[in-house]
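Written out below as C-alpha cells is the structure these notes cover.
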Amino acid sequence: MNKEKLAATASAIVASGKGILAADESTPTMGKRLALIGQENTEANRRDFRQALFDTDGMEHFISGVILFEETLEQKTEDGRRLSEILESKGVFPGIKVDKGAHPMENSPSEKLTKGLDGLYERCVEYYSQGARFAKWRAVITIGDGIPTDGCIRANASALAKYAKACQDAQLVPIVEPEVLMDGDHTIETCYEISEKTFKTVFEELENEGVYLPGILLKPNMVVSGTECSTLGDMIAVAELTVKCLKASVPEEVPGIVFLSGGQSEMEATEHLNAMNNMGSYPWALSFSYGRALQQSALHAWNGDNANLETTYATFYHRAEMNSKACLGDYSPELEI
Ligand code: 13P
C-alpha cells in the first residue's frame, strides 16, 4: 500500500469546489431510470446518456471523479474511444463500483447485507490496470419495525472495512458508503440515532482492519426524516443534525465526506450541502457524490435522443456548477435557471 499516493488521490477528489458524479447504476437500476423517459434499457442508451455527461465541456471544473459500473469502464464510444478515456483526458478520476449488491440477510431477511468480497483484491488490481483510481461499496441500513438489528449494522460495517482494506492494498481509494435509507415514516431524530450508531460501528471496523483513514472517503446519507414521515425536517435541522452526527462519529484524519442524495430532489440535495458548508468549517471537506441529484434533469433533457445533446450538456453543467457552489457555501436558489 502506497499511503502517500492514496492520501493524495483522496484529497484531490475533494479539492475545493469539487465532487463526484455517481454514474454507477447497475444495469437493472439504469433500466428504471431510462423507463422514466420511456426508453429501453439497451447498451446503446446506457452508453449514450453517460457519454453525454462525460462529454460535457467544463464539467471537470466541478467534477473530480466519476463512479462507473463495470460495463462502462471498458465501454467504447461509437468512434472507438473508451468512455473512461474521456474522463482521463479531462483529469477526472474514473472510479468503479465493486460490490455485488445488497442481498437479504440469512437470519433477518427484512434487512440487507452487501456481498462481493470473494476475489475482491484480484478484481481491484485488474480495475487499477484499467484506469480506475477509486472504488465504491454501498451498504444499506433499513429503518423499520425492530430494525436495524445490531447484527446487520455490524455485519455491513465489517464487510465495508474488509472491502476498504482490499482496495487500499490494490492502490484504489475506497469510498465507504453506509446508507441509512430514507424509506419509511421514521422521524429525523430516529435517522440521527441510527446514522450515528452505524457510522461509529463502521469506524470501529475500519480501525480493526487497519484501514488507512487519510486514504478513504466516507459517503454517508444526510440526517433526514423518512419519506413518509408527516413532519418534514427543515433545511437547517437537516444541516445541523447531519453535522452533529458526523462530528460525533467521523475521525479528523478522514479527508472528505461526499454525501449521497438518496432520493432528495436536486435542489434539496444542493441546498442541504450548501447549508452545512455555510455553518462553519470542518476537519474534513464536505462535498457530494450524487447520482440522481446530478442526473435527473439531464436525463429528462436528453430524453433518449442525441438531437438533444446541447441541452443535456447545459443542464448537467448547471447542476454540477450549483453543487460546486454548495461545496463552498456560495449557492443560492436565485442561481437556478
Ligand atoms: P444517489 O445520489 O441517487 O442516492 O446515488 C448515489 C449512490 O451512488 C448510491 O449508491
Side-chain angles (χ1 to χ4, degrees), residues 13-14 19-36 46 49-50 53 62-73 93-103 112-116 132 134-142 156 159-160 163-164 167 173-184 191 195 198-199 202 216-224 226-227 238 242 256-273 276 286-300 316 319-320 322-324 326-327:
I13 293 174
V14 289
I20 297 173
L21 164 66
D24 62 322
E25 297 84 358
S26 65
T27 302
T29 301
M30 200 55 198
K32 287 188 209 158
R33 305 285 185 267
L34 288 165
L36 295 172
R46 296 192 292 276
F49 177 59
R50 286 168 168 159
L53 303 178
F62 317 122
I63 304 288
S64 52
V66 177
I67 318 174
L68 306 172
F69 190 57
E70 203 167 16
E71 173 184 77
T72 321
L73 188 62
F93 294 107
I96 178 82
K97 170 190 170 78
V98 300
D99 68 66
K100 297 280 185 193
H103 300 269
K112 289 185 171 165
L113 177 60
T114 302
K115 300 236 165 109
F134 70 102
K136 170 188 130 171
W137 175 293
R138 173 175 178 254
V140 294
I141 302 296
T142 311
N156 273 297
L160 273 168
Y163 139 81
C167 284
V173 169
I175 294 193
V176 174
E177 180 176 1
E179 175 176 4
V180 176
L181 294 174
M182 280 173 76
D183 303 343
C191 179
S195 299
T198 301
F199 304 160
V202 166
I216 73 162
L217 294 170
L218 179 72
K219 176 165 174 168
N221 54 285
M222 294 183 198
V223 175
V224 290
T227 42
V238 170
T242 303
I257 295 174
V258 289
F259 293 102
L260 57 94
S261 59
Q264 299 179 48
S265 71
E266 289 184 336
M267 273 187 69
E268 281 168 344
T270 307
E271 285 185 309
H272 288 151
L273 179 60
M276 284 184 248
L286 289 187
S287 179
F288 58 89
S289 175
Y290 294 157
R292 284 162 285 182
L294 271 170
Q295 296 183 51
Q296 215 164 340
S297 51
L299 181 69
H300 284 90
F316 177 57
R319 208 62 252 142
M322 293 300 102
N323 285 305
S324 168
C327 289

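Sequential numbering from 1 along the given sequence is applied to the chain's residues. Read the numbers this way: they start at 1 and go in the same order the structure lists the ligands and their atoms.
Using a 4.5 Å heavy-atom threshold, the side chains of I257 and P220 count as touching. Considering only heavy atoms from C-beta on, N221 comes within 4.5 Å of S195 through its side chain.
Taking the ring pair (Phe, Tyr, Trp, His ring centres under 6.0 Å) definition, one finds that F199 meets it with nothing, sequence neighbours left out. Shown here are the side chain to side chain donor-acceptor pair (under 3.5 Å) partners of T29, two or more places apart in sequence or in another chain: S26.
No hydrogens or angles considered: nothing links the side chains of T142 and D183 as a donor-acceptor pair under 3.5 Å.
Residue pairs meeting the salt bridge (Lys or Arg N to Asp or Glu O under 4.0 Å) criterion with at least one member in residues 64-73, sequence neighbours excluded: R46-E71.
For a heavy-atom separation below 4.0 Å, the residues in contact with ligand 1 are A22, D24, K136, R138, E177, K219, L260, S261, G262, S289, Y290, G291, R292.
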